[in-house]
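Labels below follow one simple rule: chain letters A, B, ... track the order of the sequence lines, proteins then strands, and each chain is numbered from 1. Owing to the predicted nature of the structure, the values given are computational and were not obtained by experimental measurement.
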There are 2 protein chains.
Amino acid sequence: MANRRASITDLAKALNLSASTISRALSDHADVSEATKQRVRQLAEELHYQPNQLAAALRRGRSNTLGVLVPHITGHFFPEVVNGIAVEASKAGYNVMIFQSNEDVQQEKKNLELLMNAQVEGILVSLANTTQDFAHFDAVRGQGVPLVFFDRVVEGFDGPNVGTVVLDDYQGAYQVVSHLIEQGCSRIAHFTGPLHLNIHRNRHQGYLDALTAHGMPIEQELIAFCEMNLKGGKQAMRSLLKLPAGQRPDAVFSSNDLAAVGAMQVAKERRLRVPDDVAIVGFSNEVFTSLTEPMLSSVDQRCERMGKTAVQLLQGLLDTRKLRGSRQIMLKPELLVRESSLRRPEPTKPRKKR
Amino acid sequence: MANRRASITDLAKALNLSASTISRALSDHADVSEATKQRVRQLAEELHYQPNQLAAALRRGRSNTLGVLVPHITGHFFPEVVNGIAVEASKAGYNVMIFQSNEDVQQEKKNLELLMNAQVEGILVSLANTTQDFAHFDAVRGQGVPLVFFDRVVEGFDGPNVGTVVLDDYQGAYQVVSHLIEQGCSRIAHFTGPLHLNIHRNRHQGYLDALTAHGMPIEQELIAFCEMNLKGGKQAMRSLLKLPAGQRPDAVFSSNDLAAVGAMQVAKERRLRVPDDVAIVGFSNEVFTSLTEPMLSSVDQRCERMGKTAVQLLQGLLDTRKLRGSRQIMLKPELLVRESSLRRPEPTKPRKKR
DNA sequence: CTGAAAGCGCTAACAG
DNA sequence: CTGTTAGCGCTTTCAG
């Protein structure tokens, strides 16, 4: 039963041909007679011949494999991005090897080595949040293996075979605030996480700049540094509602969706109407944004697009002739206006709704 | 810059040793002097030597890689299971190669071949929902590569190197219904998807048997065949609430969480109190179950456990000496009682709450 | 159109 | 303790 897998040599013997001819026939090389190809293909079929990728890769010096290293493989964001990567890689004929760092630099380092050992032709990576030292990536760069960072990138880590793909968080936040102003909101609160994380810093800056651009004041009391989860959002909202009557917010822009849901729950429990009394917008377009009542407006992070873009960029780095445009790519986010922030049935500028 | 990667031969030349000694030193073989090991290790470090996994695997005839094939890599369930697989595989020193079939038999077949070509030592697979013909798995089995099906399994596809891991959906449903009865519910409705899918069939059967076991009648009008999404759940709930006053349900057990949320939304819109007027329980323990108000009770599918178990089973198939127990494993689900079905502050039998 | 020969980088007998 | 030899399965010159 457990037959040794048929090899090219086996086929060669059986057909009284040389291994080279078999190899050529199987790869549909031009200088093999059609007749021979037929015979080879048929026997290969019968014996369930499966080429040994390992041997081919070793010989060719090309593994046909890309490596992916993400903080985790669960949740909403990364699986979507990895999906984009897988789709695009597969289209280009690459296999994909995936590892997760579990947000731990040590594992990141170890997995990076595993990927190198596996002779991957390029690596797509999103940094663990504890990563401060980038020596392990230097090694990769030094070996000439192209590297594309996505979402969580190393600032100032550059090279001819290094690229980055990120979302324009600043732009996303800016759009959100502009939209809220357009909806007639004048006291827009902001929930943010720690500003040493670039996602929060950029969203925060977009918030500030959008207010300023629209001639609106920035009020520190409307900016809440909170844990970006349900509980944190609830707490932040409760604090805001303790402000004197005229100073309470009529809108909340949360740097993520979970805290936005917290805000919504508190608003509802206080009998505030959403969006009429308080409009609410989150960030990330999580699955549950369509399950809240009202449905939560959010900013889509173009996860799949990010994955695909990262692979395309990597292909550009692998074959410089293909490289179009910059090695630093910033994706435009998409504001999805749902019920939680739409006061008028038809907004001034019609926007996409999902 | 892009130096050719250092090889064992390079180290050998540099140190005036043979390749075999280098190889042995690097793998910390006992018959190499400690002094030599030191020298080798140091030079390897300096030259950033990385073993070529491809060559080693080819030579050894062992790739140290497991293959995973799932319908998709996104959503909640599969990433969690894959995570379990990755963790357990990594613990056992295996790398993991992941493919998705996108619910398409053709891709499933193609990816299965890719995994075989990559010389994976075992394959973990969850079937595409269109898969009816299993010839492509026969090929795998024929080559002696162990196969573990998880969640979506082939019934009646067996062999010495084939195993399965599934969740006991029947048991989960049975627990839910028992719990609802315990909470004083007497008219328990059931939302189900098409019964040709084993998950729904088994949950449905669990529902029926639990009612019978508690001496309660089965009422067809309380069983709703609906689309298992938000909209389907809403529609089903609306229909149920159109029943004459005495015949309306005082509980809903939905075969998934999404439809359960639909039911909850309709209940709330009709000013019914959850859980007092209608208790609601879903299935799958999706992330959003903790975001509804009240929080939705559900059945946890032990995703990570499933992944880990699948790998352990695979290890058993790889090394029969390690095989403990059956090749057909059924995991016990865990009922998570949250607010949506908990009428009394403390239930008769205390249960876990998350 | 086909074959012979060499070798990718590593490991594992076997011999000293 | 170390070296020699051979070969995993495949591809790719180079010859015919």
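Along DNA chain D, the nucleotide nearest B:Val32 and the nucleotide nearest B:Arg59 are compared for position; the residue whose nucleotide lies closer to the 5' end is B:Val32.
For B:Lys37 against B:Val32, the heavy-atom pair with the smallest separation is CE-O, 3.5 Å. Heavy atoms only, all atoms of each residue included: A:Cys303 and A:Glu80 are closest at CB-CB, 3.3 Å.
Within the nucleic acid shown, B:Asn16 comes within 4.0 Å of sugar-phosphate atoms alone, with no base atom in reach, counting heavy atoms only. At the heavy-atom level, B:Leu58 lies under 4.0 Å from base atoms of the strands shown. Across all strands, B:Leu17 comes closer than 4.0 Å only to sugar-phosphate atoms, never to a base (heavy-atom distances). Note on A:Asp31: a base of the nucleic acid sits closer than 4.0 angstrom, heavy atoms only.
In this model, the phosphate group of D:dT11 is approached by a side-chain N or O of A:Ser23 to a distance below 4.0 Å at OP1 or OP2. Contact annotation: B:Thr36 does not reach the phosphate of D:dC1 (side-chain N/O to OP1 or OP2, under 4.0 Å).
The distance from atom CZ of B:Arg5 to atom C1' of C:dG9 is 12 Å, rounded to the nearest whole Å.
A donor-acceptor contact under 3.5 angstrom links the side-chain atoms of B:Arg24 to the base of D:dG3. For B:Ser27 and C:dT11, a side-chain-to-base donor-acceptor distance below 3.5 Å is absent, hydrogens and geometry of angles not being considered.
A distance-only check finds a donor-acceptor pair linking the side chain of B:Ser63 to the backbone of B:Gln119 [under 3.5 Å]. Between the B:Glu103 side chain and the B:Asn129 main chain, a donor and an acceptor come within less than 3.5 Å of each other.
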